[in-house]
Number of protein chains: 2
Amino acid sequence: MSRASDRAYEAIRSMILSGELPAGAQLAEEALAEKCGVSRTPVREALRRLESDLLVTRTDTQRSFVADWSIDDVADAFELRAMLEGKAARRAAERMTDAALDRIRAANRQIGEAVRGASADVVGFLEGNREFHAVILEVAASRRLAALLGTLVEQPVVWRTAHHYSREALLRSFGEHEELIAAFARRDGAWAEAIMTGHILRAYHAYADAHRGLAEQGIIREAAE
Amino acid sequence: MSRASDRAYEAIRSMILSGELPAGAQLAEEALAEKCGVSRTPVREALRRLESDLLVTRTDTQRSFVADWSIDDVADAFELRAMLEGKAARRAAERMTDAALDRIRAANRQIGEAVRGASADVVGFLEGNREFHAVILEVAASRRLAALLGTLVEQPVVWRTAHHYSREALLRSFGEHEELIAAFARRDGAWAEAIMTGHILRAYHAYADAHRGLAEQGIIREAAE
DNA sequence: CCTTCCATATTTGTATACAATACGATCCCA
DNA sequence: TGGGATCGTATTGTATACAAATATGGAAGG
C-alpha cells in the first residue's frame, strides 16, 4: 500500500466514491498526479485499474472520465452480483470449515451490535458486512469468482446512499445473514444459494428505496441524461 | 491497435496462448520489451491487462509469471462462463432485433460451412463462433456482463486444444446454435438461457475429452505439480 | 448565424534514467 | 555441514522529457 500507484489508486477511488469527483468529471493525468503528490506514471496505472473496476470510462480518444452509473447500471450490477454471490454461497456451503464458520458468525455478531446500538453504526455495519461476504468468497475458493465479484461490489451511488438505509433494512440484513449461517452449518449449498440471491436482491431494493427517497428530498440528483 | 501498448499486449498474449511462453515462465519487463520492440512502459501496461485477464499472475513481490491453469481452473472458468453466457442469452432473447438476428444467422452459416468442408476449417469455426457469441453479448446490452465475460473467454489450454476437437463436437455446436436462433426468434429468454448454459457446459466436456486424449498421446502434458 | 479550418493549448503515449527492492550466490562462522 | 549475513545482479517502481494525438477557440467565409 505504500507504493505510489497504490496511493494514487486509493486516493482517486475514494474521491470518486465520495462524490468529490462527480460522474462525468474528466480525469486528467497531470492534475491527478499533482493532487496525489506523485508523478503521472503511477496515476496512469491507477486509472487503468479503476477503468477495469468500471469506476472510470475512457472515450475512444483515450480521455478518462468518472463513470456515469445510471439507475439501470446499478440494477444491472446488482442482478449480476446476486447471481455470482449466490454461486459463491453455494460453493462456500459445500466447502465450509468450522473455523470459517466461526469467522462468519463473528462478523455477523459485529453487524448485530452495530445495528442494535442506540444510533445505528453504519460504518460498523459496512465493515462487518464486508468481512461476512469476504469470508464466504474465500471459502468458495474460486479465484475467478473472486475476481469477477471484485469489480461489482463497490458502486459510488450505493456507497453514498448506505448511510440513509432504514434500521429495519439493516436488521433484515442481519436476519438473513443468520439464516445463511444456518445453511452453512448444514452444508446445504442450494439453501445457501437461494438465501444469498434473495439477500442481494433485497439489498438492491433497499438501496433503490433509499435512493428514491433521497432524490425526492433533493439530497441527491440523478445523473444528467 | 497501432499503439505500442496494444502491440505488446497482443504479442505477449499470443505468446502465452500459443504456449511459446509456458505456464510458470517468468515475464521480465525488460526482456519482453526487447522482444516486442517497445520500451518497458507499454509492456508494463500490457502485463497489467493480462493480469486482469488472469493470464498472468504476480507474486507478492511483484514478479510476473505466466499463469498456471490447472484442469480445475478450467472447469471453474467454464462453469462461470456457462452461467454468465446463459444470462446473456436470456437478456439477448428479451431484447432481440431482426437485424441482430440476421447477423447471428450469418455467423452460424459461416460455422456450418467451416464444419462441413472437406477438412474441417477450425479457424473459420472459431471466427464464426466468436462473432456468434459477440453479437449475443452486444444485444444483451449489459456493459458489466460483457466486461465479466471478457476475462473468461480466452484460456490458453482451451485455445491450443481447439484444433483437436472432433468433427462431431463441432457439428453439435452448430446444431445448438441453430436451436439458440430458434429461441431468439421466439424471444424466449428462458429457453435461450437453458440452451446456452447447456451449450457451454457441453463445450467444456468436449474440451475435457480432447484434452484427455491429447494428454494420453503425450502431445500435451499436464502442468507441473 | 452557422460552418469550416487552422493555430494553439491540453492531454495522452512512449522512451529513458535513475532509485528502490528482491533474488541468489558466496562467504563466514559456528 | 547448516544457518545466516552480505554483496553483486536482476527486476521492478517512479519521475521526467519529449513526441504524438486530441481538443479548443477564434477567424474567415458562406
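Note that the coordinates shown come from a computational prediction; the quantities given were computed from them, not determined experimentally. Labels below follow one simple rule: chain letters A, B, ... track the order of the sequence lines, proteins then strands, and each chain is numbered from 1.
For Arg58(B) and dG13(D), the shortest distance from a side-chain N or O to OP1 or OP2 is below 4.0 Å. For the OP1/OP2 pair of dG13(D) and a distance below 4.0 Å, the side-chain nitrogens and oxygens of Arg48(B) include at least one atom meeting the criterion. Look at Arg63(B) and you won't find any side-chain N or O under 4.0 angstrom from OP1 or OP2 of dT11(D).
In this structure, the CD atom of Gln26(B) is 13 Å from the C1' atom of dG24(C), given to the nearest Å. Atom CD of Glu30(B) is separated from atom P of dT16(C) by 10 Å (rounded to the nearest Å). Rounded to whole Å, atom P of dA10(D) lies 16 Å from atom CZ of Phe65(B). Note: CZ (Arg40(B)) to P (dA17(D)) measures 18 Å, nearest angstrom.
Comparing dT16(C), dT12(C), dA22(C) by their nearest atom to the side chain of Thr61(B) picks out dA22(C). The Arg44(B) side chain lies nearest to dG13(D) when the options are dT11(C), dG13(C), dG13(D). Residue Glu29(A) has its side chain nearest to dT12(C) when only dA15(C), dT12(C), dT16(D) are considered. Nearest nucleotide to the Gln62(A) side chain, out of dT11(D), dA15(C), dT12(C): dT12(C). Distance from the side chain of Ser39(A) is smallest for dT14(D) among the nucleotides dT14(C), dT11(C), dT14(D).
Judged by distance alone with a 3.5 Å cut-off, a donor-acceptor contact links the side chain of Thr41(A) to the base of dA15(D).
Taking the six-membered ring for Trp and thresholds of 30 and 60 degrees, His177(A) and His133(A) have ring planes more than 60 degrees apart, a perpendicular arrangement.
Taking CG from Leu47(A) and CD1 from Ile12(A), the interatomic distance works out to 5.0 Å, rounded to the nearest 0.5 Å.
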Q: I would like to know whether Glu113(A) and Arg109(A) meet side chain to side chain contact (heavy atoms under 4.5 Å, CB included); could you show each step before the answer?
A: CA-CA 6 Å; Glu113(A) 286 160 12; Arg109(A) 210 171 305 127; 4.1 Å; yes

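When Arg58(A), Gln26(A), Glu29(A) are each tested for a side-chain contact (heavy atoms from CB on, under 4.5 Å) with Arg63(A), only one passes: Gln26(A).
Both cation-pi conditions hold for Arg144(B) and Trp69(A): the charged atom is under 6.0 angstrom from the six-membered ring centre and inside a 45 degree cone around its axis.
When heavy atoms are screened at a 4.0 angstrom cut-off, Leu27(A) is found touching the sugar-phosphate backbone but no base atom. Among the heavy atoms of the strands, none lies under 4.0 Å from Leu47(B).
A residue-by-residue look at Ser5(A) and Asp60(A) shows that Ser5(A) has its nearest nucleotide of DNA chain D further toward the 5' end.
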